[in-house]
Amino acid sequence: MFETLKEMLVSKLKVTPESVVPDATREDIELDSLAVVELSLVLEKELGLTISDDELLSAETVGEMAKLMEQRSAAA
């Protein structure tokens with residue numbers, strides 16, 4: 001799921017691929033709150049995963065965001 005998240009961050013939100021590592025924070029990859037809202041919408045549209053922007057903002061790292069995605073896809 002991390003690779004899926006990385007691909008979305010790079011292709012949809014123009015994040016530098018080298019900066020997307022599991023322990024990177026939102027600040028490390030320059031993801032502001034507006035971009036997190038956009039990511040939430042992209043996850044729902046592309047993968048059918050409902051994860052609120054608040055949940056994504058509470059994730060400390062990219063790896064935690066990927067774990068959230070895994071939990072939602074397992075629950076679906």
Side-chain angles (χ1 to χ4, degrees):
M1 201 55 87
F2 172 76
E3 287 303 320
T4 304
L5 176 58
K6 178 176 180 173
E7 191 265 317
M8 287 185 167
L9 288 168
V10 171
S11 66
K12 306 284 185 195
L13 301 173
K14 308 299 179 228
V15 175
T16 314
E18 301 78 49
S19 67
V20 183
V21 293
D23 59 351
T25 64
R26 281 187 321 283
E27 291 76 27
D28 292 338
I29 62 171
E30 299 177 9
L31 205 64
D32 62 15
S33 55
L34 188 61
V36 171
V37 170
E38 193 174 335
L39 177 60
S40 173
L41 296 171
V42 168
L43 291 174
E44 176 134 29
K45 184 177 165 200
E46 309 250 328
L47 302 177
L49 298 177
T50 305
I51 303 175
S52 73
D53 50 315
D54 288 336
E55 290 173 295
L56 290 170
L57 286 168
S58 70
E60 298 287 317
T61 63
V62 174
E64 287 181 24
M65 289 182 190
K67 279 191 188 127
L68 261 174
M69 291 168 62
E70 284 169 18
Q71 291 166 354
R72 288 301 148 85
S73 64

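The analysis underlying the following values was restricted to heavy atoms, covering all of them including side chains, and did not include hydrogens, waters or symmetry mates.
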Asker: Contact between Leu56 and Leu43 at the side-chain level, heavy atoms closer than 4.5 Å - yes or no?
Answerer: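 The answer is yes, as the side chains (C-beta and beyond) meet within the 4.5 Å cut-off.
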Asker: Cluster question for you: counting only ILVMFWY and a side-chain heavy-atom cut-off of under 4.5 Å, with indirect links fine, are Leu9 and Val37 together?
Answerer: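 Hydrophobic grouping puts Leu9 apart from Val37.
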Asker: Does the side chain of Leu49 reach to within under 4.5 Å of the side chain of Ser73, using non-hydrogen atoms?
Answerer: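 With C-beta onward as the side chain, the pair touches.
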Asker: Looking only at heavy atoms, which two atoms of Leu13 and Leu31 are closest? And how far apart?
Answerer: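 Here Leu13 and Leu31 meet closest at CD1-CD1, 3.9 Å.
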Asker: Which residue pairs pass the side chain to side chain donor-acceptor pair (under 3.5 Å) test when at least one of the two sits in residues 40-49, sequence neighbours left out?
Answerer: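 Qualifying pairs, neighbours excluded: Lys12-Glu46, Glu44-Thr50.
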Asker: Short question: side chain of Arg26, backbone of Ala59 - any donor-acceptor pair under 3.5 Å?
Answerer: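 Yes, because the side chain of Arg26 sits within donor-acceptor range (under 3.5 Å) of the backbone of Ala59.
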Asker: Give me the atom names and distance for the closest heavy-atom approach of Ser58 to Glu55.
Answerer: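 Looks like OG-O, 2.8 Å.
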Asker: What heavy-atom pair brings Val21 and Val62 nearest, and what distance separates the two atoms?
Answerer: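 Where Val21 meets Val62 most closely, the heavy atoms are O-CB, 3.6 Å.
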Asker: Looking only at non-hydrogen atoms, find the nearest pair between Ala66 and Phe2 and report the distance.
Answerer: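 That closest heavy-atom pairing would be CB-CA, 3.8 Å.
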Asker: Between the side chain of Glu64 and the main-chain N/O of Glu60, is any donor-acceptor distance below 3.5 Å?
Answerer: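 Checked: pair present.
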Asker: Rounded to the nearest 0.5 Å, what's the gap from CD on Gln71 to CE on Met1? Could you check?
Answerer: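 The distance works out to 10.5 Å.
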Asker: Checking side chain to side chain contact (heavy atoms under 4.5 Å, CB included) for the pair Met69/Arg72: CA distance, chi angles, key distance, verdict?
Answerer: CA-CA 5 Å; Met69 291 168 62; Arg72 288 301 148 85; 5.9 Å; no
Asker: Which atoms form the tightest heavy-atom contact between Ser19 and Asp28, and what is the distance?
Answerer: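 Heavy atoms only, the tightest pair is CB-O, 4.3 Å.
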Asker: To the closest 0.5 Å, what do you measure between NZ (Lys67) and OG1 (Thr61)?
Answerer: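 If we round to the nearest 0.5 Å, Lys67:NZ and Thr61:OG1 are 6.5 Å apart.
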Asker: Atom CG of Asp32 and atom CG of Leu57: how far apart are they, to the nearest 0.5 Å?
Answerer: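 Going from CG on Asp32 over to CG on Leu57, the span is 9.5 Å.
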Asker: Is there a side-chain contact between Met65 and Leu39, using heavy atoms and a 4.5 Å cut-off?
Answerer: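 Heavy-atom side-chain distance check passes, below 4.5 Å.
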